[in-house]
Amino acid sequence: MTKEELSNNTSNSKHVRFPVELEELVDENTILVQRTLRSGQSIYHDGNVVVLGDVNPGAEVVASGNIIVMGSLRGVVHAGAKGDTNAIILGFRLRPTQLRIGNHITRPPEDESSDPDYPELARIKNGVVTIETFNSVLK
């Protein structure tokens, strides 16, 4: 999809606006997983991974690049597995068992009770794993 197509698709939509920079999150070394990953299933890829489904608890996705989950992310994810701290993890429901970016590891708080109904983005910001609402241009 070109930048113009992306802009045309989002300009009249009431859905979440994806920044044009989203194109930079995927490249020719991206695999598309068109199913839900169940407990015990793993995906390892030297590049970016896009999952069109959920990542259930007990499932694992490891990528040297970015990870995008177009569903609920409740398993283990590791973006930037070769040390890339610029990698991101994007999920429509970001509830990982464990989240890693580069050599940074985090877990959700045990008393986490919020269940937002919007996509979230995890990335390294100022040396800390940061979770943000995904609705604006990446900066």
Side-chain angles (χ1 to χ4, degrees):
M1 182 176 282
T2 67
K3 286 184 180 182
E4 289 179 348
E5 290 172 336
L6 185 63
S7 296
N8 289 336
N9 285 342
T10 59
S11 63
N12 296 328
S13 173
K14 292 182 179 179
H15 300 290
V16 175
R17 289 190 63 201
F18 292 102
V20 173
E21 288 82 0
L22 185 61
E23 290 182 27
E24 299 171 4
L25 299 179
V26 294
D27 58 21
E28 65 278 351
N29 193 14
T30 301
I31 62 166
L32 182 64
V33 180
Q34 299 183 59
R35 61 185 166 91
T36 290
L37 296 176
R38 301 188 184 287
S39 179
Q41 295 180 319
S42 300
I43 299 288
Y44 300 93
H45 181 63
D46 188 10
N48 304 305
V49 175
V50 177
V51 179
L52 298 181
D54 298 336
V55 177
N56 287 336
E60 181 180 32
V61 179
V62 178
S64 63
N66 304 307
I67 298 172
I68 299 172
V69 177
M70 309 293 273
S72 295
L73 196 171
R74 294 173 296 188
V76 175
V77 288
H78 187 182
K82 290 186 172 178
D84 181 7
T85 56
N86 291 317
I88 62 100
I89 298 170
L90 173 66
F92 277 14
R93 285 192 174 249
L94 200 57
R95 297 289 170 268
T97 307
Q98 185 181 84
L99 186 146
R100 301 179 201 169
I101 299 175
N103 59 357
H104 297 263
I105 302 173
T106 188
R107 296 179 53 145
E110 298 208 7
D111 59 347
E112 180 73 33
S113 59
S114 69
D115 191 21
D117 199 21
Y118 44 81
E120 293 180 305
L121 174 81
R123 64 179 167 159
I124 304 295
K125 193 172 184 181
N126 299 324
V128 177
V129 176
T130 305
I131 309 293
E132 303 169 305
T133 301
F134 181 72
N135 64 359
S136 60
V137 176
L138 299 172
K139 292 186 178 181

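The model shown is predicted, which means the values in this text are computed figures rather than measured ones. Each residue takes its place number in the sequence, starting with 1.
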Can you tell me how far apart [atom1] ([X]) and [atom2] ([Y]) are? Round to the nearest 0.5 Å.
| X | Y | atom1 | atom2 | result |
| --- | --- | --- | --- | --- |
| Asp54 | Leu37 | CG | CG | 9.0 Å |
| Phe134 | Ile88 | CZ | CD1 | 7.0 Å |
| Arg107 | Thr97 | CZ | OG1 | 8.0 Å |
| Arg93 | Glu120 | CZ | CD | 9.5 Å |
| Asn66 | Ile101 | CG | CD1 | 9.0 Å |
| Thr30 | His45 | OG1 | NE2 | 6.5 Å |

**OP:** Not counting sequence neighbours, list each pair that qualifies as a side-chain hydrogen bond (donor to acceptor under 3.5 Å, both in side chains) and has a residue in residues 76-92.
**Re:** Asp46-Lys82
**OP:** Locate the shortest heavy-atom distance separating Ile89 from Ala79; write the atom from each residue and the value.
**Re:** CG1-CB, 3.5 Å
**OP:** Mind listing the closest non-hydrogen atom pair of Met70 and Leu52 along with its distance?
**Re:**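 Scanning both residues completely, I find the closest heavy atoms to be CG-CD2, 3.5 Å.
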Original post:
When clusters are formed by joining ILVMFWY residues with side-chain heavy atoms under 4.5 Å apart, either directly or through shared neighbours, do Ile43 and Val62 land in the same one?
Top reply: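 No, separate clusters.
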**OP:** Kindly work out whether a path of hydrophobic side-chain contacts (I/L/V/M/F/W/Y, heavy atoms less than 4.5 Å apart) joins Leu73 to Val49.
**Re:**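 Yes, Leu73 connects to Val49 through the hydrophobic network.
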**OP:** Could you list the residues that satisfy side-chain contact (heavy atoms from CB on, under 4.5 Å) with Ile105, not counting sequence neighbours?
**Re:**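 Residues passing side-chain contact (heavy atoms from CB on, under 4.5 Å) with Ile105: Gln98, Arg100.
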Original post:
Among all residues two or more places apart in sequence or in another chain, which pass the side-chain contact (heavy atoms from CB on, under 4.5 Å) test with Ser39?
Top reply: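 Not a single residue meets the side-chain contact (heavy atoms from CB on, under 4.5 Å) criterion with Ser39.
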Original post:
So, the side chain of Thr130 versus the backbone of Ile124: is there a donor-acceptor pair under 3.5 Å, distance only?
Top reply: no
